[in-house]
Visitor: 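Please read through the structure below; I'll follow up with questions.
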Amino acid sequence: MISILGAGRASAVAGTLLLALAGSSATAQMVAPGSVQPYIQPLVQPVVAAVQQAVAPDLDQLVASNSGEDALDDQAQCLATAVYFESRGEPLQGQLAVANVVINRARSGRFPADWCGVVKQRAQFSFVRNGAFPWIDPACEAWRRARAIARIAQKNLAVELPADVLWYHANYVAPRWRNQLVKVEQIGAHIFYRA
């Protein structure tokens with residue numbers, strides 16, 4: 001499920017709506033301290049989701065608005081390269097999820113601390129050969145999208161996966177390491193995991 005920035009605004013709007021509801025005579029009731037959560041949660045979740053959807057652009061719009069020709073820094077270039085080689089045939093959400101895993105790994109303390117280090121780490125990404133990336137056609141549409149996804153992830157404009165999701169594999173393979181992890185979700189052909 002994609003979470004796009006604007007959640008703060010969504011929460012503020014949801015809070016305002018709840019205050020308005022609480023002020024009405026139909027919903028104003030005495031509730032024992034500590035028992036408010038069961039009543040509020042079902043009201044807040046749909047309101048926040050609806051406001052987030054209304055306030056934030058969708059991922060297609062974000063890709064379109066971040067597809068410029070401006071250069072990426074070295075770290076974002078590594079991120080875009082991982083997105084391109086690992087998920088260029090996947091839906092945009094799947095491409096963003098791959099970018100999230102790279103970023104999550106760099107932040108986790110369990111992998112190298114920068115995106116290039118994560119992507120070039122030995123035996124982690126099969127497209128990397130001796131620490132080098134294969135050639136990419138800079139004029140192709142898949143590379144343009146991968147660069148846009150890298151910009152979106154770098155700017156934290158959208159997040160597809162929680163910060164503790166550090167692993168994934170294609171659904172046509174069954175690596176043994178997955179048995180030690182908790183499956184989070186499948187997006188396109190990739191299955192994502194947390195410890």
Visitor: Which distance, rounded to the nearest 0.5 Å, do you find between the CG of N100 and the CG of N156?
Guide: 8.5 Å
Visitor: Taking atom CD1 of I103 and atom CG of L161, what is their separation to the nearest 0.5 Å?
Guide: 10.5 Å
Visitor: Using a 3.5 Å distance criterion without hydrogens, assess whether the side chain of Q180 forms a donor-acceptor pair with backbone atoms of A195.
Guide: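 No, Q180 side chain to A195 backbone: no donor-acceptor pair under 3.5 Å.
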Visitor: Does any part of the side chain of L72, heavy atoms only, come nearer than 4.5 Å to the side chain of R151, both counted from C-beta?
Guide: yes
Visitor: Linking I/L/V/M/F/W/Y whenever their side-chain heavy atoms sit closer than 4.5 Å, directly or via other members, would V184 and W177 fall into one cluster?
Guide: yes
Visitor: Grab the two heavy atoms, one from F192 and one from G94, that are nearest each other, plus how far apart they are.
Guide: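 Looks like CZ-O, 4.4 Å.
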Visitor: Show every side chain to side chain donor-acceptor pair (under 3.5 Å) that has at least one partner inside residues 161-172, sequence neighbours left out.
Guide: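 For residues 161-172, and leaving out neighbouring residues, the side chain to side chain donor-acceptor pair (under 3.5 Å) pairs sorted by first residue read E86-Y168, D164-R194, H169-Y193.
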Visitor: Any donor-acceptor pair under 3.5 Å linking the side chain of N130 with the backbone of A132?
Guide: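 Between the backbone of A132 and the side chain of N130 there is no qualifying donor-acceptor contact (under 3.5 Å).
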Visitor: Tell me if a side-chain donor or acceptor on Q95 pairs with a main-chain N or O of E90 at a distance below 3.5 Å.
Guide: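 Between the backbone of E90 and the side chain of Q95 there is a qualifying donor-acceptor contact (under 3.5 Å).
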Visitor: Can you check side chain to side chain contact (heavy atoms under 4.5 Å, CB included) on F127 and V119, steps first, answer last?
Guide: CA-CA 10 Å; F127 69 89; V119 175; 3.7 Å; yes
Visitor: Would you say E69 has more than 12 foreign heavy atoms packed within less than 6.0 Å of its CD?
Guide: no
Visitor: H190 and S87: which non-hydrogen atoms are nearest, and at how many Å?
Guide: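 Answer, listing the atom of H190 first, then S87: CE1-CB, 4.1 Å.
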Visitor: For the residue pair A82 and V102, what are the closest heavy atoms and their distance?
Guide: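 Taking A82 first and V102 second, the nearest heavy atoms are CB-CG2, 4.2 Å.
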Visitor: Donor-acceptor pair, distance only, cut-off 3.5 Å: does the side chain of R129 make one with the backbone of S126?
Guide: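 Judged by distance alone, yes, a pair lies under 3.5 Å.
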Visitor: Regarding Q121 and R105, do their side chains bring together a donor and an acceptor under 3.5 Å, going by distance alone?
Guide: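 Per modelled atom types, Q121 and R105 side chains form no pair under 3.5 Å.
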Visitor: Do the side chains of I136 and F85 get nearer than 4.5 Å, heavy atoms only?
Guide: yes
Visitor: Can you tell me how far apart CG (L59) and CG (N66) are? Round to the nearest 0.5 Å.
Guide: 10.0 Å
Visitor: Assess whether side chain to side chain contact (heavy atoms under 4.5 Å, CB included) is satisfied between I152 and V63, documenting all intermediate values.
Guide: CA-CA 7 Å; I152 291 164; V63 167; 3.8 Å; yes
Visitor: Output the distance between atom CD (Q93) and atom CD1 (I187), rounded to the nearest 0.5 Å.
Guide: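 Output value for this atom pair is 7.5 Å.
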Visitor: Looking at every heavy atom in both A76 and W115, which two are closest together, and how far apart are they?
Guide: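 Heavy atoms only, the tightest pair is N-CE3, 4.0 Å.
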Visitor: Grab the two heavy atoms, one from S67 and one from A148, that are nearest each other, plus how far apart they are.
Guide: OG-CB, 3.7 Å
Visitor: Atom CG of residue position D74 - does it have more than 12 heavy atoms of other residues, nucleotides or ligands inside 6.0 Å?
Guide: no
Visitor: Is there a side-chain contact between Q154 and D73, using heavy atoms and a 4.5 Å cut-off?
Guide: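 When only atoms from C-beta onward are counted, D73 and Q154 do touch, with a gap below 4.5 Å.
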Visitor: What closest approach, in Å, do A153 and L79 show between heavy atoms, and which atom pair accounts for it?
Guide: CB-CD2, 4.0 Å
Visitor: Going by the rule ring-ring contact (aromatic ring centres under 6.0 Å, His included), which residues pair with F125 if we only count those two or more places apart in sequence or in a different chain?
Guide: none
Visitor: Can you measure from CZ (R176) to CZ (R178) and round to the nearest 0.5 angstrom?
Guide: 10.5 Å
Visitor: Let's go through T81 and W143 carefully: what are the C-alpha distance in whole Å and the side-chain angles of both, what is the deciding distance for side chain to side chain contact (heavy atoms under 4.5 Å, CB included) to 0.1 Å, and is it a yes or a no?
Guide: CA-CA 8 Å; T81 301; W143 179 238; 3.8 Å; yes
Visitor: Can you measure from CZ (R110) to CG (N104) and round to the nearest 0.5 angstrom?
Guide: 11.5 Å
